[in-house]
Every structure is written in C-alpha cells, then in structure tokens.
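Here is the structure we will look at.
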Amino acid sequence: MIIGKNRRQVILNIKKSVKEKNFYAKVEPNDPILSKKERLNLVKNFWANHDKLFSRIINLIARGILNVGTPILTFNTKIDNPTSLKNLSSAIVTCNHYNQFDCLPLKRLAMKYHKRLYFVIEDTNLKLPSWIGFLMRNIDSIPVTASIEYLGRDFPRHLERILIRNNWIVIYPEQELWQNYRKIIANLDPCKRVPIIMQLK
C-alpha cells in the first residue's frame, strides 16, 4: 500500500515488473490470487447478497464512514471549476489510480452535487483483508471479473441500473494499482484498458 510496512517491497515489485514489461502484474505482496472460477464465484456471491437487509445496513454504515472521512481527508484539495458539472446527471468518469485514496476527490465532488458514487473494482478486491477489504465489499462497489458471460450480460445490466437513477460511476483505466507511478500505464496497451468518459442524458 501507499502507507504501511510493505511500501518498500511494493516499489521493488513495480521496478521488477517494469523491467520485465509486465505492466499489469500484481505488485502488492498480500493481493489475493484466485483462479478465474474462484473469481467468478466471488462476484456471484457478492451480488447474491447485495440486496439482503444485512448487506444494505452494512452498506449504509460503510457509506457513512466514507461520507464523513472524505471531507476530512480532502480538506486541502482544490477542485477547479466544479460548476461546469452542475447540469450533469448520470455519468461514467475515469481518473488515474495511484493510491487507495485517489477516489476521494471524486467522492467529494459527487457529494457536492448530491450524487451517489459507485466504484468499479477488480474482483479480487472483495477478498482484501482489514478495513480496506471491508470498504471494498460494502461501499457502492461494482466488481468486474474476466468472464464473457458476466461482462457481456450482468455487468452492463448493473451499470444501467445505477445510471438510470442519475448516479455516477468511477472506472479506473489501469488493471492493477501501481502506487506513485508517473505515467498513464493504460496507454502502454490501449486494447487492455480503455479510459471512458461519458455523459448520459
């Protein structure tokens, strides 16, 4: 992580992966490594429990934590020209992903316009430990997994359900989180991840 005892090891893993031109490698030492079948089952279980009463209550708690923490953690963040978004209804937005807190300026902007912000996350994030895993599982997450059936049918259906309610969705162009990188790694292989900026009327 960008904070914590593994920072040095993560930086070494990034350097090694860059040298090997493996730009989408997992570089966090404790990242869960699962088979495609395990990933798909993880996502299916996530959606199966998504609308249950207990999950809704935990979602409210997790969103409350994020709503309280965002203004505190972004108190010195300046957002240029936010009034240009005053007529924006539903939207899919993107930004670079360089640490675990880079979503907070977008969250703060969404809160300013009273928009609910959803996050497209990698499936294995649902298995992360401790507080970060709790947030990944219980904030407004939309997991994505390498399944043609899921990506072609279920994933668009989830996006449509969210966008039709005039909410915002964040999609990061990078496949993996590489802390503190200095260039847009998605541009290294535009067929791997395509940045999307879209407004839906």
Side-chain angles (χ1 to χ4, degrees), residues 1-47 66 73-74 77 92-107 117-156 158-159 168-198:
M1 292 180 62
I2 194 169
I3 55 176
K5 62 182 180 180
N6 293 325
R7 179 181 174 86
R8 176 58 55 185
Q9 184 60 50
V10 170
I11 292 172
L12 292 175
N13 290 346
I14 290 173
K15 290 180 178 179
K16 179 177 182 291
S17 296
V18 168
K19 187 176 181 180
E20 296 171 353
K21 296 186 177 181
N22 187 8
F23 299 111
Y24 305 99
K26 286 186 175 296
V27 295
E28 297 282 348
N30 298 320
D31 265 4
I33 299 177
L34 305 173
S35 68
K36 286 187 176 182
K37 183 177 180 180
E38 289 172 326
R39 289 180 171 212
L40 182 58
N41 287 336
L42 187 64
V43 172
K44 286 182 176 180
N45 289 336
F46 171 85
W47 289 116
L66 195 59
L73 295 171
T74 61
T77 300
I92 296 177
V93 297
T94 186
C95 70
N96 282 92
H97 196 19
Y98 58 90
N99 69 48
Q100 286 82 1
F101 302 106
D102 53 31
C103 65
L104 295 181
L106 292 176
K107 175 64 176 174
L117 187 65
Y118 288 77
F119 304 91
V120 173
I121 64 169
E122 188 178 10
D123 45 17
T124 54
N125 286 352
L126 298 172
K127 291 286 284 185
L128 290 173
S130 70
W131 62 271
I132 190 71
F134 172 80
L135 289 178
M136 289 294 100
R137 290 185 294 274
N138 296 297
I139 59 171
D140 290 327
S141 297
I142 313 167
V144 64
T145 192
S147 161
I148 294 176
E149 179 182 357
Y150 178 78
L151 292 175
R153 184 188 64 186
D154 299 330
F155 184 64
H158 293 306
L159 296 183
W168 293 3
I169 299 173
V170 177
I171 296 180
Y172 291 107
E174 299 83 12
Q175 182 169 343
E176 298 293 341
L177 167 59
W178 281 22
Q179 66 173 17
N180 294 335
Y181 65 79
R182 291 293 180 262
K183 59 184 176 181
I184 304 175
I185 62 172
N187 287 345
L188 297 172
D189 185 354
C191 296
K192 188 75 173 179
R193 280 287 191 273
V194 181
I196 300 173
I197 301 177
M198 181 187 305

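In this chain, residues are counted from 1 in sequence order. Everything numeric here is computed off the predicted structure, so don't read it as measured data.
The two residues D140 and L117 come nearest to each other via the heavy atoms CB-O, 3.6 Å. The two residues D123 and A146 make their nearest non-hydrogen contact at OD2-N, 4.3 Å. Annotation for P143 and L126: closest pair CB-CD1, 4.0 Å, computed over non-hydrogen atoms. In terms of heavy-atom proximity, T94 sits nearest to I171 at OG1-O, 2.7 Å.
The side-chain contact (heavy atoms from CB on, under 4.5 Å) with V144 is formed by just one residue from the set I121, V43, L151; it is L151. A side-chain contact (heavy atoms from CB on, under 4.5 Å) with T145 holds for exactly one of K36, E38, R39; it is R39.
Remark: the backbone N or O of M136 is paired with a side-chain donor or acceptor of S141 at under 3.5 angstrom. Looking only at distances, no side-chain donor or acceptor of R137 sits under 3.5 Å from a matching main-chain atom of F46.
Remark: L66 CG to N138 CG distance equals 12.0 Å, nearest 0.5 Å. Taking CG of L40 as the reference point, atom CD of E149 lies at 7.5 Å (rounded to 0.5 Å). We find the CG-CG distance between L34 and L42 to be 6.5 Å, quoted to the nearest 0.5 Å. The distance from the CD1 atom of I14 to the CD atom of Q9 is 10.5 Å, given to the nearest 0.5 Å. Rounding to the nearest 0.5 angstrom, the gap separating the CZ atom in F134 from the CD1 atom in I139 is 10.0 Å.
Here the side chains of I142 and W47 are in contact, with some heavy-atom distance below 4.5 Å.
Between H158 and Y150, the two ring planes are tilted [angle within 30° to 60°].
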